[in-house]
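Notes follow the structure.
Computation of the quantities below employed the complete heavy-atom set of this structure, encompassing side-chain atoms and omitting hydrogens, waters and symmetry-equivalent molecules. These figures come from a predicted structure and were not determined experimentally. Note on naming: letters A, B, ... go to the chains in the order of the sequence lines (proteins, then strands), and numbering restarts at 1 for each one.
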2 protein chains.
Amino acid sequence: MTRRSRADVVAAARVLFADQGFHGTSMRDLGKELGIRGSSLYSHVVSKDELLVDVVREAASRFQTLADEVNAMSGTAKQKLSRLVQGHLRILVEDPHQARTFLNEIRFLPEFEREEAVAMFDRYQETFREVIETGRLGHEFRSDLDVPLTANLILSLLNGTTRWFNSEGTLDTETLGDEIHQLLTGGLASVSKVDLT
Amino acid sequence: MTRRSRADVVAAARVLFADQGFHGTSMRDLGKELGIRGSSLYSHVVSKDELLVDVVREAASRFQTLADEVNAMSGTAKQKLSRLVQGHLRILVEDPHQARTFLNEIRFLPEFEREEAVAMFDRYQETFREVIETGRLGHEFRSDLDVPLTANLILSLLNGTTRWFNSEGTLDTETLGDEIHQLLTGGLASVSKVDLT
DNA sequence: CCTACCGATCGGTAGG
DNA sequence: CCTACCGATCGGTAGG
């Protein structure tokens, strides 16, 4: 194997921070994953914190990109919600370690970067709120919806999939997204909606 | 203050394991929370692991109790689901630190106790599956529902509330449960279901 | 990227 | 419940 780059170190951090937690992972653990000494990592990064910052930022950036796509898109609220659901799931599934580090270890960031990440995620969540509000005003969704609450519930549902969904299994990601979108728009009940529009 | 009991130590563990993580909490941190030395904790417990085991077991036990209640209950699938949703939320809200430690730190348990806890939670989840399956067969719910998937989605939604719900806020727990139950059974769509039964 | 090392902190024990 | 301490490990640095 050749010399490692900073990107290799970040790659190891994604995996170990996700599996063992930030505080459960030592620099020596990361080194072992790459076949080098823990102390050698400091030629690539100046601190352990920096690795967590990198992983969280790259995840945040993906969510930001999805939000931009949806904001630029035309279509009904349901269509936009579907795109948000599918896009969000794709991000979680494409790099589950990155996603889990983002979701679970964000609280261990240094204060400045933590606030930065939280603000970034809130801007992302704002896209959910806007789509829900549009659907509510346009009578696609219930007019009595609590919009911020609904956004929180949808994101909880999506993010929770990282705890059990395995993309190697029988269910593929897009089908999962369809199931979720169906549950969100129509619920569990058996009788299909009468569309009055 | 008088002498501390093992229960006091477990109480401190619930809070600090939830806020700082199991690996981010030292025995000295726990001691400080109680106003004693870290080493003094060993007159109450034999290891740090034991504290995590205690917190996880007490949470698991609460879920088990709820499952027993629902299994003993009569009513429609929707009513049972509502009871599961409300009961699950109440457990999360009554002791958020215990709940968050259970959800986030369970993976750091010693292998035997981890498998025990996972098995316990799967038995609990089985109650969700049974209720959903009953509703499906009785045409309360869609007949094409993927039952285990739906159980996972519902639990993801519920557990995710620990990340943002604050029972001190304007929204009380029961109303949150109603909103969730409404979302789950009817979805976001605006037109109310036509009940053919 | 390595060896050698730093002070600090870790979980835990002995003995009172 | 305390002091005093153990070996191991932590994040990180110096110097090559």
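In this structure, of D:dC1, C:dG11, D:dG11, it is D:dG11 that holds the atom nearest to the side chain of A:M27. Across C:dG11, C:dC2, D:dT3, the shortest atom-to-atom separation from the side chain of B:S26 is found for C:dG11. Of the candidate nucleotides D:dT13, C:dT13, D:dC10, D:dT13 has the atom lying nearest to any side-chain atom of A:S39.
For the pair B:L41 CG and C:dC10 P, the interatomic distance rounds to 13 Å; values are reported in whole Å. Atom NZ of B:K48 and atom P of C:dT13 are 15 Å apart (whole Å). The interatomic distance linking A:E50 (CD) with D:dG11 (P) rounds to 15 Å, in whole Å. Per the geometry, CG belonging to A:D49 stands 10 Å off P belonging to D:dG11, to the nearest Å. Rounded to an integer number of Å, the gap from A:L30 CG to D:dC10 P is 11 Å. Taking atom CZ on A:R37 and atom C1' on C:dT3, their separation rounds to 9 Å, with Å as the unit. Rounded to a whole Å, the CG atom of A:L16 is 12 Å from the P atom of D:dC10. Atom-to-atom, CG of B:L34 to P of D:dC1 comes out at 8 Å; the value is rounded to the nearest Å.
Ionic pairing of B:K80 and B:E130 is not present here: no N-O contact between side-chain nitrogen and carboxylate oxygen is shorter than 4.0 angstrom. Of the charged side-chain nitrogens involved, none lies within less than 4.0 Å of a carboxylate oxygen, so that A:D54 and A:R14 do not count as a salt-bridged pair.
Within the 4.0 angstrom heavy-atom criterion, no nucleotide atom of any strand lies near A:H23. Counting non-hydrogen atoms under 4.0 angstrom, B:S43 reaches a base of the nucleic acid.
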Report the C-alpha distance between B:D122 and B:R129 in whole Å, list the side-chain angles of each, state the deciding distance to 0.1 Å, and finish with yes or no for salt bridge (charged side-chain N to carboxylate O under 4.0 Å, His left out). CA-CA 10 Å; B:D122 185 64; B:R129 289 191 288 265; 3.3 Å; yes
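Taking a 6.0 Å sphere around CD of A:E174, one finds it holds 12 or fewer heavy atoms contributed by other residues, nucleotides or ligands. Taking a 6.0 Å sphere around CZ of A:R90, one finds it holds 12 or fewer heavy atoms contributed by other residues, nucleotides or ligands.
Nucleotide D:dC1 forms a Watson-Crick or G-U wobble pair with C:dG16, both donor-acceptor distances falling under 3.5 Å. The pairing partner recorded for C:dA8 is D:dT9, the criterion being a Watson-Crick or G-U wobble arrangement whose two distances lie under 3.5 angstrom.
Residue B:R28 has no polar side-chain atom (N or O) positioned under 4.0 Å from OP1 or OP2 of C:dT9.
Toward the 5' end of DNA chain D, the nearer of the two residues B:H44 and A:D29, judged by each one's closest nucleotide, is B:H44.
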